[in-house]
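For the numbers below, each heavy atom of this structure counts, side chains included, while hydrogens, waters and symmetry mates do not.
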Amino acid sequence: MGMRIASVLAHLLFIAITTLVLIWLLRFREGLSFNSANNFKIFNLHPLFMVVGFVLISGEAILVYTTPMRLGYLMSKRLKALHISLHLIALGAAIVGLYVVFKFHHDTGTSNLVSLHSWIGISTVALFALQWVFSFFTFLFPSSRSSSKAPWHALFGLIIFSMGILSAVTGLLEKFISLDLKRDQEGLIVNFIGLLLLLFGISVGLTVLLPRGYLLEI
């Protein structure tokens, strides 16, 4: 029951965070664009793809693979495919998010990878990619896997997901400081995005850690 509540809360937080990110970027930060004379419109794609595309969707990938219901073999395989597909979408979003921020830094003459946020972020994406590749081949070649891999896969996945939450929150803090935000409407929105991201991470973690009726075998 507790796991079900945590899962529902995580889905609601997904919607709330996505809504706040879009309000922030579209109303307060000049909008979004892949190709614009306004470099800040290009930069705005970075928090969009990293928060919504990477962190939230990777959280959803974890949620679909933690279920209290006993499932048949066919449904189990479908959930595995959905799990790894959502992670692939998250990885693609992270790559786009990194591309636009590197492009922004290049176009504005800003140095890359100088902040703690950037160090955590690039490390998270690299580990996420390695985890995905390993998991893909484990999924593709069932004979190469063993049940002993399941706890390690879940543990490393949760660690990397937590790093993604930390990266996003430090990025929001960095942006809050660089924009010199105060206790105004934009500042409150940015702080609430960070707070809700922490709650989202906790909710997803609880769905993994709380007892459940059935845990799919990796």
Side-chain angles (χ1 to χ4, degrees), residues 6-7 9-21 24-25 29 43-63 65-66 83 86-102 104-105 110-132 134-135 151-179 181 187-210:
S7 179
L9 177 60
H11 290 304
L12 293 175
L13 287 168
F14 183 108
I15 297 171
I17 294 167
T18 301
T19 302
L20 285 178
V21 168
W24 176 42
L25 297 177
R29 290 290 105 208
F43 174 85
N44 289 343
L45 292 169
H46 177 68
L48 177 67
F49 277 94
M50 300 308 285
V51 172
V52 179
F54 181 54
V55 174
L56 296 188
I57 291 182
S58 64
E60 283 293 320
I62 295 172
L63 291 173
Y65 212 57
T66 53
H83 175 74
L86 285 174
H87 274 315
L88 180 60
I89 293 171
L91 179 58
I95 292 171
V96 175
L98 289 177
Y99 166 77
V100 293
V101 76
F102 276 103
F104 172 79
H105 287 167
T110 306
S111 299
N112 292 303
L113 302 176
V114 296
S115 66
L116 178 62
H117 160 67
S118 62
W119 289 11
I120 297 173
I122 202 74
S123 300
T124 302
V125 174
L127 290 173
F128 188 95
L130 289 174
Q131 170 91 332
W132 190 90
F134 175 79
S135 302
W152 292 105
H153 174 82
L155 174 61
F156 287 134
L158 200 56
I159 290 172
I160 295 168
F161 173 70
S162 299
M163 289 177 63
I165 295 287
L166 178 60
S167 176
V169 171
T170 55
L172 289 168
L173 176 60
E174 185 178 298
K175 200 64 179 173
F176 188 98
I177 294 172
S178 67
L179 294 174
L181 298 180
L188 289 173
I189 287 175
V190 172
N191 282 342
F192 270 111
I193 292 171
L195 180 61
L196 294 182
L197 275 170
L198 289 175
L199 292 176
F200 179 75
I202 292 170
S203 300
V204 172
L206 287 175
T207 65
V208 176
L209 299 174
L210 288 175

Holding to side chain to side chain donor-acceptor pair (under 3.5 Å), I want the full list of residues that pass it with [X], two or more places apart in sequence or in another chain.
X      : value
Thr110 : Thr108
Trp24  : Glu186
His105 : Asn112

For [X], what residues pass the side-chain contact (heavy atoms from CB on, under 4.5 Å) criterion, not counting sequence neighbours?
X      : result
Ala90  : Phe54, Ile57, Ser58, Phe128
Leu127 : Ile160, Met163
Val52  : Thr18, Val21, Leu48, Leu56
Leu9   : Leu13, Ser203

Out of curiosity, [X] [atom1] to [Y] [atom2], how far, rounded to the nearest 0.5 Å?
X      : Y      : atom1 : atom2 : result
Gln131 : Thr124 : CD    : OG1   : 12.5 Å
Trp152 : Phe134 : CH2   : CZ    : 12.0 Å
Thr170 : Ile165 : OG1   : CD1   : 11.0 Å
Ile17  : Leu12  : CD1   : CG    : 11.0 Å
Phe176 : Leu172 : CZ    : CG    : 10.5 Å

Any residue meeting ring-ring contact (aromatic ring centres under 6.0 Å, His included) with His117, in chain and number order, not counting sequence neighbours: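 His117 satisfies ring-ring contact (aromatic ring centres under 6.0 Å, His included) with no other residue.
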What pair of heavy atoms forms the shortest contact from [X] to [Y], and how long is it?
X      : Y      : value
Ala6   : Leu206 : CB-CB, 3.8 Å
Ile122 : Leu98  : CD1-CD1, 3.8 Å
Ser115 : Glu174 : OG-OE1, 3.0 Å
His153 : Ser135 : CE1-OG, 2.8 Å
Val55  : Gly164 : CG2-O, 3.6 Å
Asn44  : Leu25  : O-CD1, 3.3 Å

Answer whether the closest heavy-atom distance between the side chains of [X] and [Y] falls below 4.5 Å.
X     : Y      : result
Arg29 : Leu179 : yes
Phe43 : Val100 : no
His46 : Phe104 : no

Extract all donor-acceptor atom pairs below 3.5 Å that involve side chains of residues 190-202 and protein atoms in other chains or at least two apart in sequence.
none

Side chain to side chain donor-acceptor pair (under 3.5 Å) contacts in which one or both residues fall within residues 86-100, not counting sequence neighbours: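 Pairs touching residues 86-100 that pass the test: none.
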Identified side chain to side chain contact (heavy atoms under 4.5 Å, CB included) partner of Val208 from the options Leu155, Ile62, Leu63: Ile62
